[in-house]
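These notes are about the structure you will find just below.
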There are 2 protein chains.
Amino acid sequence: MSLFLSSYENRLDTKGRISVPASFRASVANERFAGVVLYRSFTNNCIEGLSMSRMEQLAAATDKMGVFDSELDDLSAMLFADARPLSFDVTGRIVIPADLLKHAGIKDTAVFVGRGNSFQIWNPEAFKKAQEKSLNNLRSVRPNLILS
Amino acid sequence: MSLFLSSYENRLDTKGRISVPASFRASVANERFAGVVLYRSFTNNCIEGLSMSRMEQLAAATDKMGVFDSELDDLSAMLFADARPLSFDVTGRIVIPADLLKHAGIKDTAVFVGRGNSFQIWNPEAFKKAQEKSLNNLRSVRPNLILS
DNA sequence: TTATAAACCATAAAATACCATAAAATAATT
DNA sequence: AATTATTTTATGGTATTTTATGGTTTATAA
């Protein structure tokens with residue numbers, strides 16, 4: 001799976017269908033599941049997106065915790081219960097469920113935002129504001145990203 | 001076996017029949033046993049659900065515990081003795097045994113909740129409350145799920 | 001028999017597949 | 001480099017299939 005990069009603004013039609021950017025589709029090409037998994041972000045008013053293989057990685061990670069672990073309970077409750085597997089139609093569109101759209105405040109236009117191993121879907125104006133905020137945060141607190 | 005994801009609210013008819021969500025049925029498709037295994041949750045007022053192959057995985061895992069382990073005794077008592085294999089009818093429905101319904105407080109509507117490698121069946125209101133609680137727990141204690 | 005469970009049939013709503021096209025991006029040619 | 005041709009992408013509409021759910025009939029067991 002190659003990285004999700006760049007941002008793309010696309011339109012929703014009357015049935016809630018929206019084209020997943022071609023480059024994002026290319027990122028999950030050659031996977032068993034031809035589509036993406038979406039869930040409501042815990043921290044932002046946006047939608048989180050992953051490939052199915054990434055989701056399976058998460059499930060495998062929970063297996064390493066005990067089967068009857070209580071912390072696991074809360075995490076899997078939110079993550080798996082809320083996750084929506086959405087397959088592409090022939091032209092590369094998905095139908096974003098209404099409750100996800102509501103959570104992100106998306107009406108007729110949405111921005112697909114690359115996040116490396118995952119991506120997000122935002123209301124365009126909300127995204128713009130969040131980006132400015134992130135930029136300001138970075139200016140005040142230099143992050144340290146260790147490469148190796 | 002693919003993952004159990006998302007949540008689906010379905011209705012029980014007068015005979016106690018309820019449709020297992022199509023995507024959950026797809027998760028156990030191509031397995032020897034065309035159905036699911038249900039048992040009473042140890043920790044919540046809900047029903048736990050698995051594929052038969054997953055049940056066999058659990059059996060294999062208990063083998064790793066000592067044969068005369070007392071914990072294993074209790075676990076097998078609940079897990080294996082209480083487990084109900086239920087096969088789908090032609091339209092993908094199962095009849096949930098009355099004692100399981102009672103344990104989960106389910107009357108005429110139930111929610112199938114994806115849990116990755118397993119799923120749960122809840123009373124709708126009870127599920128809603130449990131979800132809110134999980135979200136609060138997650139917000140106070142950021143879980144760390146390490147992928148590799 | 002009588003009750004219980006399993007198989008069978010029917011249908012509205014929802015989800016998905018299909019078809020068509022304009023705009024945009026890429027490649028080819030002059 | 002500029003123009004033309006070709007492909008890809010995004011987007012709209014329609015048709016078909018799947019799904020959930022109700023009812024009825026047939027088999028099974030107490």
Protein heavy-atom contacts under 4.0 Å, written 5' to 3' over nucleotides 6-24 of chain C as B (base), S (sugar-phosphate only) or - (none), form the string BBB-------BBB-B----
Just distance, no hydrogens or angles: give the donor-acceptor pairs under 3.5 Å from side chains in residues 12-19 of chain B, sequence neighbours left out.
residue : atom : partner : partner atom : Å
B/D13   : OD1  : B/K15   : N            : 2.9
B/D13   : OD1  : B/G16   : N            : 3.1
B/D13   : OD1  : B/R17   : N            : 2.9
B/D13   : OD2  : B/R17   : NE           : 2.6
B/D13   : OD2  : B/R17   : NH2          : 2.9

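Between B/F119 and B/L50, the shortest heavy-atom contact is CE2-N, 3.8 Å.
In this structure, A/N10 places its CG atom 14 Å from C1' of C/dA25, rounding to the nearest Å. As a whole-Å value, the separation of A/Y8 OH from D/dA10 P is 9 Å. Rounded to whole angstrom, the span from the CD1 atom of B/I96 across to the P atom of D/dT21 amounts to 12 Å.
Two rings, from A/F80 and B/F4, have their centers 6.0 Å or more apart.
Along DNA chain D, the nucleotide nearest to B/T14 and the one nearest to A/V20 differ in position, and the one closer to the 5' end is contacted by A/V20.
Here the nucleotide nearest the side chain of B/S19, chosen from D/dT11, D/dT19, D/dT21, is D/dT21. Among D/dG22, D/dG13, D/dT11, the nucleotide with an atom closest to any side-chain atom of B/R11 is D/dG22.
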message = Checking B/S87 against B/F33 for the side chain to side chain contact (heavy atoms under 4.5 Å, CB included) test, could you report, in this order, the C-alpha distance in whole Å, the side-chain angles of both residues, the deciding distance, and whether it holds?
response = CA-CA 8 Å; B/S87 48; B/F33 178 68; 4.1 Å; yes
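Of the possible donor and acceptor atoms, none in the side chain of A/N44 sits under 3.5 Å from a partner among the backbone N and O of A/C46. A distance-only check finds no donor-acceptor pair linking the side chain of A/S41 to the backbone of A/I47 [under 3.5 Å]. With hydrogens and angles disregarded, no donor-acceptor distance shorter than 3.5 Å links the side chain of A/R40 to the backbone of A/H103.
The existence of a salt bridge linking B/E56 and B/R32 is confirmed by a sub-4.0 Å separation between a basic side-chain nitrogen and an acidic carboxylate oxygen.
Less than 4.0 Å separates DNA chain C from no heavy atom of any residue of residues 110-122 of chain B.
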